[in-house]
Amino acid sequence: MSAGLPPSVDVVVIGAGAAGLMCAIAAGARGRRVLVLDHANKVGKKILMSGGGRCNFTNTGTSPANFISANPHFCKSALARYTPADFIAMVDAHRIAWHEKELGQLFCDESSKLIVRMLLDEAAAVQAQVRTHCTVEEIVHDGDRRFRLRTTLGTLECESLVVATGGLSIPSMGATGFGYEIARRFGHAVLATRAGLVPLTLSGKHLERLQDLAGVSLEVDARCNGMAFRNRMLVTHRGVSGPAILQISSYWQPGDDLRLDLLPDRDILDWLSSRQRERPDAELRSVLADVLPRRFAQRLCEVWLPSRPLKQYGPGQLREVAALLQAWPLVASGTEGYRTAEVTLGGVDTDGLSSATMMSKHVPGLFFIGEVVDVTGWLGGYNFQWAWASGRAAGQAC
Ligand code: FDA
């Protein structure tokens, strides 16, 4: 028997994050002997840091439309079989108080620690074991359909192997590309990965024009590649952030046209025309400062818009001003990358997986769940809902 580990279990889950723990709970509930291994010093680090320490654990409006994947249909089955209401029922059973912040986003009233505690309690209740400080060094799959693992805590065998190692974001929290390596080794395609839900960076004159406004925030409608997100944008020292930017970042790639409606929900031309009638001597910059942060309005009029008394604008010029405010071009140079990204886009190609069970179509007994798979949610609790749902789907089959 190997030091610290049982010689054999039914299921090994690599990764004690959101998806891995949920999978262990579901598999343990079926009577499977489950061992969860994580190389980090504690479990669920991303849960702990999520939602500003309060974990935005689901979104009541979750639908397949909130996810990005090369196959938009793949997530449907798992999401339909484990819904936000199912997770809320677990949270309620553990008497964890929660509240809705906005747009269906549910957060703990107190701390994300309660979600990790709940998952560990549920895992313990079904005798699923969890080991930290354990690095998997080698995986061999033999003809008799068993997996043999060599780890830093010893060797062991299992019938089902579940890969729940997450994405590449925040390497300092234990993120690795190990799940992708396993996928490739067992003949799976891995789609190109990139940072998602991430601040955008600006460079050169585009940065110079905004940099000193760091800290200014405004409501915008961010649009790119046919998608639009209405929320706050925040100017930072390196570029732009805030929920509207994080959301659209998942749909943006360098060179893509990114536009912001700076006065969303407003017929800007109509509004400018009425201002012109009511305050013909007012300068554009002071009229804009009534509806935009003053410094931002001023900068718009220094760089992008000529500021003169409103009575001096002809109808065509007023239309040009309205058009710019409605589709202000934001020329980003890149993203802040995995260092600050909330998620990783791309990953294990869903073509090689069963959407019902998350099991490999090439290697029976091998499963991929959570963020390592090419399914990425919007900002707002969707990524955890995918982790719970895909973890549960695999846990019922592994
Ligand atoms: P997760 O990353 O949770 O777990 C993977 C586990 O595998 C980790 O414990 C890691 O240590 C382990 N591991 C990795 N490599 C390994 C190896 N080689 N050997 C052993 N173990 C290994 N989502 C959301 O819905 N609401 C929110 O509020 C937030 N907030 C948020 C904030 C921040 C700062 C980040 C970075 C991310 C979020 N997210 C989020 C996204 C969410 O955290 C993420 O999508 C899920 O945690 C993914 O769950 P997984 O279980 O797939 O991976």
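As the structure lists them, so they are numbered: ligands from 1, and atoms in each ligand from 1.
- Counted within 6.0 Å of CD on Q317, heavy atoms from surrounding residues, nucleotides or ligands total more than 12; the atom is thus considered enclosed.
- Ion pair E278/R275 flagged as a salt bridge, since at least one NZ, NE, NH1 or NH2 atom sits closer than 4.0 Å to an Asp/Glu carboxylate oxygen.
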**OP:** Tell me, with the steps shown, if N225 and Y251 meet side chain to side chain donor-acceptor pair (under 3.5 Å).
**Re:** CA-CA 7 Å; N225 289 321; Y251 291 88; over 6 Å; no

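- Aromatic rings from H39 and H133 are positioned such that their centres are separated by 6.0 Å or more.
- Atoms of ligand 1 lying under 4.0 Å from any heavy atom of G166, numbered from 1 in the order shown and given with element: 5 (C), 52 (O), 53 (O).
- Of all protein heavy atoms, the one closest to atom 47 (O) of ligand 1 is F384 CE2, 3.4 Å.
- At least one heavy atom of G381 lies less than 4.0 angstrom from ligand 1.
- Closest protein heavy atom to atom 2 (O) of ligand 1: K46 CD, 3.6 Å.
- Between C301 and L288, the shortest heavy-atom contact is SG-CD1, 4.0 Å.
- E342 CG, 3.9 Å is the protein heavy atom nearest to atom 33 (C) of ligand 1.
- Under 3.5 Å, the side chains of T62 and Q385 contain no donor-acceptor pair of N or O atoms.
- Among all non-hydrogen protein atoms, the one lying nearest atom 22 (C) of ligand 1 is H39 CD2, 3.3 Å.
- For A164, every heavy-atom contact with ligand 1 shorter than 4.0 Å involves the backbone, none the side chain.
- Under the 6.0 Å distance and 45° angle rule, R209 counts as a cation-pi partner of W304.
- Counting protein heavy atoms only, atom 7 (O) of ligand 1 is closest to G15 CA, 3.3 Å.
- For ligand 1, none of its N or O atoms has an N or O atom of M173 under 3.5 Å away.
- Each of the following atoms of ligand 1 lies closer than 4.0 Å to a heavy atom of G370: 52 (O).
- W378 has its ring centre no less than 6.0 Å from the ring centre of F67.
- At least one N or O atom of G51, backbone or side chain, sits closer than 3.5 Å to an N or O atom of ligand 1.
- Closest to atom 30 (N) of ligand 1, if we only count protein heavy atoms, is S50 CB, 3.2 Å.
- For the pair T193/Y338, a side-chain contact is recorded, criterion being any heavy-atom separation below 4.5 Å from C-beta on.
- When all heavy atoms of N66 and G61 are compared, the closest pair comes out as OD1-O, 3.5 Å.
- Taking the side chain as every heavy atom from C-beta outward, R299 and D212 approach each other to under 4.5 Å.
- The atoms of ligand 1 that sit less than 4.0 Å from any heavy atom of I14 are 19 (N), 20 (C).
- Applying the 4.0 Å criterion to heavy atoms of F178 picks out, from ligand 1, the atoms 17 (C), 18 (N).
- Near G17, meaning under 4.0 Å from one of its heavy atoms, ligand 1 places the atoms 3 (O), 4 (O), 6 (C), 9 (O), 51 (O).
- Here W388 and F87 bring their ring centres to under 6.0 angstrom of each other.
- The protein atom (non-hydrogen) at minimum distance from atom 51 (O) of ligand 1 is A19 N, 2.8 Å.
- Considering T62, V373, N56 only, the shortest heavy-atom separation from atom 28 (O) of ligand 1 involves N56.
- Under a 4.0 Å N-O distance rule, the pair D142/R146 does not qualify as a salt bridge.
- A341 counts as a contact of ligand 1, since one of its heavy atoms falls under 4.0 Å from the ligand.
- The ring of H188 has its center closer than 6.0 angstrom to the ring center of F368.
- The closest approach between M49 and ligand 1 falls below 4.0 Å for a heavy atom of the residue.
- Salt bridge D10/R33: present, at least one basic N to carboxylate O contact under 4.0 Å.
- Taking distance alone, with nitrogen or oxygen atoms compared against 3.5 Å, A387 stays at or beyond that limit from ligand 1.
- The protein heavy-atom contact nearest to atom 6 (C) of ligand 1 is D38 OD2, 3.6 Å.
- For atom 15 (N) of ligand 1, the nearest non-hydrogen atom from the set T135, T176, L37 comes from T176.
- In summary, the atoms of ligand 1 found under 4.0 Å from a heavy atom of N383, numbered by their order in the structure, are 23 (N), 25 (O), 45 (O).
- Heavy-atom contacts of I170 reach the following atoms of ligand 1: 36 (C) (cutoff under 4.0 Å).
- Which parts of ligand 1 touch A40 is read off a 4.0 Å heavy-atom cut-off, strictly below it: atoms 11 (O).
- Taking each of E371, H133, K42, Q385 in turn, the one with a heavy atom nearest to atom 52 (O) of ligand 1 proves to be E371.
- Counting heavy atoms under 4.0 Å from ligand 1, residue V136 does not touch it at all.
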**OP:** Start with the C-alpha distance between R277 and S273, add both sets of side-chain angles, then the distance that settles side chain to side chain donor-acceptor pair (under 3.5 Å), and finish with yes or no.
**Re:** CA-CA 6 Å; R277 282 193 301 276; S273 304; 5.3 Å; no

